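Scroll down for the structure; my scribbles are underneath it.
As the structure is a prediction and not an experimental result, all values here were calculated from the model.
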Amino acid sequence: MLANRFKQDIFRFSTYKCVGLTVRSLSSLNILDQKKNLSNCLENLPSKAKVVICGGGVMGAAVAYHLSKRGWGGDTVIIEKERVGEGSRWHSSGLVGAFKPSLAQVKIAQSSIQLLKDLESQGKETGWKQCGSLLIARTRDRMTVYRRMKSQSVSWGISCELVNPKKCQEIWPLLNVDDVLGGLWIPGDGVGDPYLFCMSLMEEAIKNGVGVKEECSITAVHSKNGRVSGVETTQGPIECQYFVNCAGFWARQVGQLAKPQVKVPLLPCEHYYLHTKQIGNLDPMTPVLRDPDGYIYLRERDGCILAGGFEPIAKPVYEEEIENSTQRCLPEDWDHFHVLLQELLKRVPSLNQSFLHKLCNGLEAFSPDCKWIVGEAPEIFNYHVAAGMKTVGISAAGGVAEATVDEIVEGYTKYDMYELDISRFLGLHNNKRFLRDRVKEAPGIHYGLPYPFHEFETGRNLRLSPIYPTLRDKGAVFGQVMGYERPTWFESVEKEADMPRPFKIAHTKTFGKPHWFETVQREYWACREAIGLADYSSFTKIDIQSQGNEVVDLLQYLCSNDVDVPVGSIIHTGMQNERGGYENDCSLARISENHYMMIAPTIQQTRCKVWMRRHLPVNGSVTLSDVTSMYTAICILGPFTRNLLSELTDTDLSPSNFPFFTFKELDVGLANGVRAMNLTHTGELGYVLYIPNEFALHVYNRLISQGEKYGITHVGYYAARSLRVEKFFAFWGQDLDTMTTPLECGRTWRVKFDKDIPFIGREALLKQREMGVTRQYVQLLLTDHEHELDLWSWGGEPIYRDGNYCGQTTTTSYGFTFKKQVCLGFVQNLDKDGIPKKVTNDYILSGHYEIDIAGIRYAAKVNLHSPNLPTKYPDKERDVYQATRKLHDPTQFLGRHYQP
């Protein structure tokens with residue numbers, strides 16, 4: 001094998017053995033060793049600045065560049081512990097691609113590409129070449145991914161083309177297509193040189209007044225009253241108002257220099273770049289080739305081939321041992337690289353006849369979910385992070401820097417950054433052992449098949465509810481969210497099965513009908529016709545209280561709904577930002593006059609606390625207590641839940657005493673202090689019981705034993721998801737985000753504009769109400785889709801109205817009552833130039849809709865209101881609550897008098 005020959009050559013010779021092709025002069029290879037010194041750097045540090053940036057790499061340079069363009073250049077200082085551009089140019093691929101996993105990431109990448117083009121047009125060096133990229137597929141599932149990308153490209157504004165194997169070989173003549181089924185050609189992609197890009201950005205920033213101090217290290221980041229107040233460096237202190245951690249590989253360690261420490265969950269692993277010597281007649285505009293089924297990529301660089309990849313199992317390292325950029329270059333491990341080398345030689349056989357110039361082992365840092373880490377740190381206000389660019393910093397730098405500067409200068413950004421925000425993490429994600437476990441798996445996400453509901457296999461069995469072992473033995477198959485193990489569905493378990501049962505991780509390795517369909521269907525019908533029991537323990541739970549009325553005033557300011565409701569009431573409300581978008585979507589139970597319990601989505605556990613803490617009274621009169629880990633939450637759903645719970649408590653549960661959307665503290669079984677809420681977050685009848693952990697197993701056992709006669713069944717997250725999608729319920733992080741307003745998603749009736757205390761975002765929503773919305777949240781039922789045979793909608797599919805693109809789906813599921821695929825999403829009224837116009841109910845209802853699933857359009861029926869589903873067990877109480885858009889016809893929709 002060539003890998004063996006390479007290894008032997010490395011040990012035997014100081015130069016490498018030639019095995020074939022004619023080569024040209026090697027002078028251009030030396031370009032990667034050439035460096036230039038940055039001129040006009042600071043000789044002495046200023047004593048004050050508005051912004052201090054740690055890190056003079058491409059990310060720090062981009063942040064400085066954008067700050068200087070906003071007029072903040074003279075108030076910005078970059079601290080670089082070595083020299084700008086000191087890192088090895090051999091350890092970067094320079095790949096620049098527009099396709100990313102989400103729309104927000106796509107927009108960020110497009111902003112970065114535009115910045116590269118702008119600098120090139122001004123005569124600045126960036127190495128930008130729009131050579132295009134070719135993605136090839138070896139499997140049918142990979143071709144399905146490309147067909148989905150092609151259909152999404154309409155909404156994402158990316159030009160691309162599906163191509164057959166013959167066309168793939170025409171685009172990339174050296175390609176072996178024997179096992180290739182097809183590909184996706186993206187002509188707008190390209191490559192750049194991170195070093196040149198960094199130096200050009202830095203030079204422009206310096207021209208605009210930014211100060212750059214080389215060979216100077218940050219030793220501490222100070223805060224006062226919870227905000228950044230200054231930094232200590234090896235050459236003296238600087239007072240500052242903002243700090244931006246762009247330390248890349250060392251961002252986690254820089255976070256530890258702050259008091260309190262800022263948690264930046266990154267850990268490095270080995271990452272390989274193979275450089276050939278020059279190859280004769282290699283076109284400088286050779287496209288980038290990506291073969292994700294083989295984990296590899298190849299590109300032309302200065303007449304040579306640069307190749308690399310993202311192996312399925314990476315090799316982590318201890319970053320404490322790496323003190324400078326030179327030490328980031330580790331000895332190559334040919335045995336570890338062998339899996340990629342085999343795939344490279346298989347895909348481009350002519351590499352067997354080329355010179356090997358160098359195999360570089362350069363360390364790269366990855367986050368636990370393999371996404372960028374951006375945003376203001378939860379621990380200290382005005383401490384921003386822009387790190388974890390996972391080898392493609394040149395693709396992200398321009399857009400991430402723009403978003404970071406937006407937040408510093410304006411207080412918000414035009415990008416919806418919640419999925420990349422550092423507040424998506426908890427302290428557990430920064431645990432060194434957790435990171436070492438997870439980082440083995442994270443890089444492989446790059447080229448892994450993006451099946452629905454992806455689950456990591458590392459870092460598991462971490463946050464467990466007290467009933468977890470019992471649920472596991474009852475057949476639970478688990479998904480993980482914020483470290484919590486949450487049942488997704490329950491397999492059948494034989495009575496004589498061995499116990500304890502093995503831990504099982506959920507998977508959905510298909511884009512069509514999943515293997516768990518029948519199981520989830522059984523759980524769904526248990527919730528609608530008997531009793532389902534679900535573990536809701538992962539939900540965020542926050543106690544908010546004060547001695548006086550301060551907590552009410554605070555929540556009236558934070559929430560768009562009226563929270564000053566009678567004790568025992570539950571209110572569903574958004575917490576809006578200044579633009580009217582959702583920072584949080586939650587339920588508030590009024591426990592007492594000055595005490596509320598907030599229930600929020602699991603992924604909000606850090607984020608919502610940061611948002612509220614930002615607005616707390618400075619006198620400390622309102623306290624927040626995160627009680628997420630103090631309570632086990634068991635939800636019982638179904639028409640017989642009142643009968644069951646009545647047998648376990650002495651409290652009267654009749655609708656007159658314990659109506660829908662109210663709270664009571666109950667004794668259940670022999671346990672006390674159970675916070676019971678008459679709601680289920682799915683539209684079904686039932687209760688969520690927040691049980692002190694020491695009583696959780698007792699209450700669970702009583703529910704199961706007493707519920708046997710009612711047919712009680714364990715149910716998982718997928719069944720609950722199907723219920724809420726059918727009932728047209730929007731969830732934050734899936735349908736709602738920081739850019740979506742209540743008026744757009746049919747929740748205007750939950751916004752109380754006439755409250756005594758104006759809430760955050762009120763003016764923006766009043767303006768939107770006056771002008772009209774430009775998109776509306778809808779439910780679409782696929783009418784000609786065969787769920788057994790056709791590919792399914794999994795979210796992100798384009799929606800067409802009368803043949804024209806008008807929006808995207810958000811959450812989707814199969815509707816077991818509708819017996820149809822159900823899609824939620826947003827519809828716009830776009831003119832011929834793509835400019836959104838006002839959208840009305842009449843506009844929505846007058847169109848013919850289709851949803852494009854991987855290139856095939858399926859007709860769809862549109863709904864604007866939460867539907868009334870037929871049931872064997874009609875109940876007025878269930879029909880009271882309409883999640884999306886309040887209906888006003890009292891003769892047709894009886895009982896809808898209460899809208900919390």
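Applying the side chain to side chain contact (heavy atoms under 4.5 Å, CB included) criterion to S153, with sequence neighbours excluded, gives F99, K150, I158, C160. Under the rule for a side-chain hydrogen bond (donor to acceptor under 3.5 Å, both in side chains), D75 has no partner lying at least two apart in sequence or in another chain.
Of the charged side-chain nitrogens involved, at least one lies within less than 4.0 Å of a carboxylate oxygen, so that R614 and E376 count as a salt-bridged pair. With respect to K117 and E120, no salt bridge is recorded, no charged nitrogen being found less than 4.0 Å from a carboxylate O. By the 4.0 Å N-to-carboxylate-O rule, E203 lies too far from K124 to be salt-bridged with it. Ion pairing between a basic and an acidic side chain is recognised when a charged N comes within 4.0 Å of a carboxylate O; D193 and R89 show such pairing.
Separation of atoms OG1 (T286) and CG (L134) is listed at 12.0 Å; rounding is to 0.5 Å.
Counted by atom type alone, D118 and Q114 present one or more donor-acceptor pairs between their side chains at under 3.5 Å.
Considering only heavy atoms from C-beta on, L420 stays 4.5 Å or farther from V400 through its side chain. Contact check for H454 versus I445: side-chain heavy atoms found under the 4.5 Å cut-off. Side-chain atoms of H615 and I760, non-hydrogen and from C-beta on, do get closer than 4.5 Å to each other. With a 4.5 Å cut-off on side-chain heavy atoms, S92 and Y195 do not count as touching. Contact of the Q261 side chain with the E379 side chain is not registered, since no non-hydrogen atoms from C-beta on lie closer than 4.5 Å. Inter-residue side-chain proximity for V84 and M199 is flagged as met; some heavy-atom pair is nearer than 4.5 Å. Annotation: side chain of L95 is in contact with side chain of V191 (closest heavy-atom distance under 4.5 Å). The shortest side-chain heavy-atom distance between M202 and I78 falls under the 4.5 Å cut-off.
A donor-acceptor pair under 3.5 Å is formed between the side chain of S112 and the backbone N or O of G398. Not one N or O on the side chain of R438 forms a donor-acceptor pair closer than 3.5 Å with the backbone of L267. In terms of modelled atom types and a separation under 3.5 Å, the side chain of D369 and the main chain of K371 share a donor-acceptor contact. Although no hydrogens or angles enter the test, the distance criterion places no donor-acceptor pair under 3.5 Å between the side chain of S423 and the main chain of R607. A donor-acceptor pair under 3.5 Å links the side-chain atoms of E80 to the main chain of E82, judged by distance alone.
Relative orientation of the F366 and F310 rings is perpendicular, given thresholds of 30° and 60° on the angle between their planes. Between Y273 and H91, the ring planes are parallel. Angles under 30° get that label, and only those over 60° would be called perpendicular.
Identified under the side-chain hydrogen bond (donor to acceptor under 3.5 Å, both in side chains) test for residues 234-247, with sequence neighbours left out: K213-Q235, N245-Y383.
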Kindly indicate, with the supporting measurements, whether the criterion side chain to side chain contact (heavy atoms under 4.5 Å, CB included) is fulfilled by V773 and Q768. CA-CA 6 Å; V773 297; Q768 188 179 55; 3.9 Å; yes
Check the pair V288, D189 against side chain to side chain contact (heavy atoms under 4.5 Å, CB included), reporting the backbone distance first and the verdict last. CA-CA 8 Å; V288 173; D189 283 356; over 6 Å; no
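No more than 12 heavy atoms of other residues, nucleotides or ligands sit less than 6.0 Å from atom OH of Y412.
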